[in-house]
2 protein chains.
Amino acid sequence: MAVTIRDVAKAAGVSISTVSRALAAPEQVAEATRVHVQETARAMGYRPNRAARGLITGRTGSIGLVVPDLENPFFGSVCKGVQARARAAGYAVFIADTDEDPMVEAEVVRSLAKQVDGVILCSVRSTDADVEHFAAESPIVLVNRKLGDIPSITFDNGGGLRSVMAHLVALGHRKIAYAAGPVTSWSNSERTAAFRAFAFESPDLDLVELGNFPPFFSGGIQAGDLAIASGATAVVSFNDLVAVGLIDRLRQRGLSAPHDISVAGFDNVPVSTLVWPNLTTVDFPRVQMGRASVDLLLDTVLERAGAGRVVPDIPVELIVRQSTGVAPVRAIERPDDRPILQTQLSGT
Amino acid sequence: MAVTIRDVAKAAGVSISTVSRALAAPEQVAEATRVHVQETARAMGYRPNRAARGLITGRTGSIGLVVPDLENPFFGSVCKGVQARARAAGYAVFIADTDEDPMVEAEVVRSLAKQVDGVILCSVRSTDADVEHFAAESPIVLVNRKLGDIPSITFDNGGGLRSVMAHLVALGHRKIAYAAGPVTSWSNSERTAAFRAFAFESPDLDLVELGNFPPFFSGGIQAGDLAIASGATAVVSFNDLVAVGLIDRLRQRGLSAPHDISVAGFDNVPVSTLVWPNLTTVDFPRVQMGRASVDLLLDTVLERAGAGRVVPDIPVELIVRQSTGVAPVRAIERPDDRPILQTQLSGT
DNA sequence: CGAAACAGTGAAAAGGTTTGCAGAATGTAC
DNA sequence: GTACATTCTGCAAACCTTTTCACTGTTTCG
């Protein structure tokens with residue numbers, strides 16, 4: 001059926017060793033033979049049997065990618081990056097969707113680990129202990145999570161949060177809320193921590209935490225009412241979906257962004273530009289993240305150079321669109337001895 | 001390093017053949033031995049080396065999935081379905097993103113074909129000739145395209161279009177436009193054909209075709225102006241993204257859906273419920289489609305039963321939301337004997 | 001000119017599994 | 001008790017490739 005190295009050898013009149021070398025280690029074989037063999041192989045449409053090769057080399061030429069939810073555009077982008085870079089490096093990509101379930105995750109990692117050279121775990125939902133267990137069993141790279149000295153790729157969540165805050169403060173907002181995401185989310189912890197740090201550094205601002213909310217549209221609906229009740233003039237949402245839900249809830253309540261409340265998100269998913277008002281958000285270059293994770297994994301696996309090297313956070317970028325604007329004047333109307341001005345409010 | 005069948009055999013005090021059989025063909029081995037071997041294997045954490053197995057059986061235990069763009073939520077869903085069903089059947093999934101490029105597609109299919117038992121080609125962009133070539137080389141299933149007697153899974157595009165039309169007509173619309181998608185899209189051809197058939201069957205309606213437009217938000221912007229100019233009171237868009245863009249353009253022009261023009265889409269991507277107004281659209285059960293394609297591929301590959309069987313179109317469902325409504329009165333106000341009218345414009 | 005290095009090639013082993021075949025053990029029928 | 005069927009198990013081949021080692025013939029250097 002399929003053409004094997006033996007067929008090529010026979011056709012080219014050389015031994016199979018020579019064919020193997022002509023294709024895999026061209027410098028070890030004489031110019032003439034090499035050319036002849038290579039042409040014969042190409043003419044016959046020979047492709048090495050990966051199973052046989054893997055059997056002897058111990059390497060499979062493929063990597064695994066585990067994501068919580070393929071339908072989530074965030075992970076779709078990461079996949080795209082991973083897949084592109086892996087293919088460029090001659091690796092194939094096994095994909096596994098865990099449906100956000102840690103149990104499935106464990107099972108999937110275990111079964112995948114045996115048939116790949118390494119695994120990229122994206123936004124893994126398992127406990128620290130489990131993740132360390134995975135790492136002990138096979139080469140892994142963590143995406144969107146940091147744990148011990150397991151190689152990982154992360155975004156600069158803190159930097160992103162600070163840019164949004166600076167943006168909102170510059171627009172005159174003094175009471176700003178953070179609508180938190182799931183407690184189990186590492187990204188959320190990072191953002192919350194940065195938010196608190198920011199609050200600590202800016203005692204003149206009035207910063208409130210809301211939530212936690214599920215990271216979907218529905219979470220934004222919940223967050224909307226709380227945000228209105230809080231009296232904040234601006235809300236930073238855990239992600240874009242929450243921001244969209246929040247804005248929708250404002251609309252339902254007869255308010256609007258950014259007129260009444262400014263709303264910003266995280267991720268810059270495609271939806272950000274489809275809704276009205278377009279979302280001010282922190283862009284996370286996800287495709288780049290996918291690429292970086294492959295590079296890191298390949299470095300670790302192949303140990304070409306710095307295994308275990310530390311990769312800096314991927315920088316993120318604030319994208320200002322229409323969902324944020326100057327603080328509304330009404331927020332300044334408040335009783336008595338502290339008159340009508342925003343500048344005054346915040347004490348500046 | 002890894003525990004092999006040999007280790008298990010030694011530990012269990014049997015031959016490797018027995019171990020192999022105890023795990024793969026349990027009925028061929030005595031109850032007692034089988035239990036003993038299975039327990040030993042499990043205790044030692046034995047997992048068969050897939051490369052070795054593949055080498056001898058000629059099967060890899062994995063399938064390939066080729067999609068044009070992983071960032072597109074439509075394909076993300078299909079992936080999810082494919083991946084879930086494949087894993088349930090003990091298959092792993094190789095994924096490949098072609099970036100909408102037929103050249104990449106050909107290369108990817110060729111390199112993937114050698115390391116999997118079969119390939120699922122989703123919304124393939126290659127020419128008929130190329131696709132037939134793929135099919136000749138390896139077992140494939142086409143998703144979202146029909147070609148000769150290559151096994152394929154498709155949605156009932158025609159049925160979907162007819163439901164939307166019926167819906168709009170029931171709402172009193174008489175001049176309805178179809179904003180067409182890319183000419184290269186098989187789905188678009190189907191929908192266009194159904195639209196024309198509908199026009200033929202309903203001579204009393206005034207049906208106009210607009211486009212073709214790129215299947216994105218930007219295409220909807222273009223479509224918006226043309227739709228307004230056409231005088232149609234309702235527009236059926238090639239997909240949801242176009243519908244969203246179209247609605248946005250209406251808003252920019254000071255009009256709104258459904259008040260001035262009703263807008264419907266296709267696909268029911270998650271965005272449909274995130275925008276305002278929520279989109280009336282035809283739901284395509286994509287995850288189910290992914291599952292069905294795996295089943296079909298496995299049936300074909302393993303030839304368990306009906307290879308080459310014909311799979312009926314997957315039924316689709318109209319989901320009525322807020323972007324469609326009763327035809328505006330202005331459309332009905334018309335001077336008597338058939339003056340200024342749209343019906344007239346297009347000449348039926 | 002001889003020895004040594006070297007380049008190019010082939011033979012053969014190894015890698016882990018499945019499976020056809022044969023042998024051993026047990027049970028059955030006469 | 002013998003012949004025979006049946007059930008279970010082990011041996012060994014086969015799958016295709018990479019890679020070590022050895023061999024041949026050529027070049028280089030002293």
Between P of D/dC8 and CZ of B/Arg34, the distance in whole Å: 9 Å
Parallel, tilted or perpendicular: ring planes of A/Phe284 versus A/Phe155, cut at 30 and 60 degrees: tilted
Under-4.0 Å side-chain N/O to phosphate OP1/OP2 contact, B/Tyr46 with C/dT17: yes
Between D/dG10 (P) and B/Lys10 (NZ): distance, integer Å: 15 Å
Residue-phosphate contact under 4.0 Å: B/Ser20 side-chain N/O, C/dT18 OP1/OP2: yes
Between D/dA14 (P) and B/Ile56 (CD1): distance, integer Å: 11 Å
A/Ile16 CD1 to C/dA12 C1', straight-line distance once rounded to whole Å: 9 Å
Touch class at under 4.0 angstrom, heavy-atom based, for A/Thr18 against every strand present: sugar-phosphate
B/Asn49 CG - D/dC15 C1' separation (whole Å): 13 Å
Polar side chain donor-acceptor pair, A/Arg21 to A/Gln28, under 3.5 angstrom: no
Sugar-phosphate, base or nothing in reach of A/Thr57, heavy atoms under 4.0 Å: sugar-phosphate
Whole-Å distance separating the CZ atom of A/Arg6 from the P atom of D/dT18: 13 Å
Side-chain donor-acceptor pair present, B/Ser152, B/Thr154, cut-off under 3.5 Å: no
Nucleotide nearest A/Val29 (side chain, heavy atoms from C-beta), chosen from C/dT9, D/dG10, D/dC16: C/dT9
B/Glu27 CD to D/dT7 C1', straight-line distance once rounded to whole Å: 13 Å
B/Met103 CE: over 12 foreign heavy atoms closer than 6.0 Å: no
Sugar-phosphate, base or nothing in reach of B/Ser17, heavy atoms under 4.0 Å: base
Comparing A/Ile5 and A/Arg21 on DNA chain D - which has the more 5′ nearest nucleotide: A/Ile5
B/Ala52 vs B/Gly13, nearer the 5' end of DNA chain D by closest nucleotide: B/Gly13
Phosphate contact (D/dT18 OP1 or OP2) by A/Arg53 side-chain N/O below 4.0 Å: yes
Under 3.5 Å donor-acceptor, A/Arg286 side chain and A/Asp267 backbone: yes
Whole-Å gap separating P (C/dT19) and CG (B/Leu55): 13 Å
Of the listed nucleotides D/dC8, D/dT17, C/dT17, the one nearest the side chain of B/Thr33: D/dC8
